[in-house]
Q: 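Take this structure first; my questions come after.
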Amino acid sequence: VDVNKCIGCMECMFACSRRVGKGGFKDSAIRVKSAGGIERGFVIVVCRACENPPCAKVCPTGALSARKEGGGVVFHEYKCIGCGLCAQSCILGAIFWDNDKNKPIVCRYCGECADYCVHNAISLVEADTN
C-alpha cells in the first residue's frame, strides 16, 4: 500500500513464518530490507503475483503453476526437484530458498503479513482483472 510507512519492524516476516508453525525469519516468504540507512527507509520484497509468472514458465516439473485468477503461482511441493530455476527467474527476487528442504519458499497469498502490519505498509488486495 505504502512502503514509506514501513518502519522495519519485521512483524510481517514473523507472521509469515508462523503460518507454517515456525518462529523467526527463515521460513518467511516476505523480506524487509534496509534501503540504505534509516533516512532511506525499507524495501519490502514479496511476490507481486505476476500475471504471466516467469517462475512458473521455467519450472521443468510443473511444481509452480500459474493461478487461475489474480496472477501469481501455486506451489506443488511434491513435484519440486529443487533445481532453483524459479528463484533465478523471479525478477523481484521474491522467491526465497529453504536450504533444509532444498525447495523454494513461495508466497501463498494468505494475507497473514498484511494482517500483522500495524502501520498498514502492506495489504493483500484482489487484482483488477479488467
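This one's a predicted model, so the numbers in the text were calculated from it and none came from an experiment.
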Q: What pairs of residues pass the side chain to side chain donor-acceptor pair (under 3.5 Å) test when at least one of them lies in residues 76-86, not counting sequence neighbours?
A: Ser65-His76
Q: Say you draw a straight line from CG of Asp98 to SG of Cys80; how long is it, rounded to the nearest 0.5 Å?
A: 10.0 Å
Q: When rounded to the nearest 0.5 angstrom, what distance separates CG in Asp2 from CG in Asn120?
A: 9.5 Å
Q: With a 3.5 Å cut-off and sequence neighbours excluded, list the donor-acceptor pairs that the side chains of residues 8-15 form with protein atoms.
A:
none

Q: Could you pull out all residues at least two apart from Ala87 that satisfy side-chain contact (heavy atoms from CB on, under 4.5 Å)?
A: Ile95, Trp97
Q: Can you confirm whether more than 12 heavy atoms, excluding those of Phe25, are under 6.0 Å from its CZ atom?
A: yes
Q: Is Arg19 close to Arg108 at the side-chain level, that is, under 4.5 Å between some pair of heavy atoms?
A: yes
Q: Without placing hydrogens or testing angles, list every side-chain donor-acceptor pair under 3.5 Å for residues 29-37, not counting sequence neighbours.
A:
unit_1 : atom_1 : unit_2 : atom_2 : d
Arg31  : NH2    : Ser28  : O      : 3.1
Ser34  : OG     : Gly36  : N      : 3.0
Ser34  : OG     : Gly37  : N      : 3.0

Q: Using 0.5 Å steps for rounding, measure from the CD atom of Glu112 to the OG atom of Ser17.
A: 11.5 Å
Q: Please tell me if the side chains of Val43 and Val3 come closer than 4.5 Å, counting only heavy atoms from C-beta onward.
A: no
Q: Atom CG of Asp115 and atom SG of Cys16: how far apart are they, to the nearest 0.5 Å?
A: 12.0 Å
Q: With sequence neighbours left out, write down each residue that passes salt bridge (charged side-chain N to carboxylate O under 4.0 Å, His left out) with Asp100, or none if nothing qualifies.
A: Lys26
Q: Quick one: does Ile44's side chain get under 4.5 Å of Ile122's, heavy atoms only?
A: yes
Q: Are the side chains of Leu64 and Pro53 in touch, meaning some heavy atoms are under 4.5 Å apart?
A: no
Q: Through direct or indirect side-chain contacts below 4.5 angstrom among Ile, Leu, Val, Met, Phe, Trp and Tyr, which residues connect to Leu85?
A: Val58
Q: List the steps, then state whether side-chain contact (heavy atoms from CB on, under 4.5 Å) holds for Val73 with Tyr109.
A: CA-CA 9 Å; Val73 294; Tyr109 317 102; 4.1 Å; yes
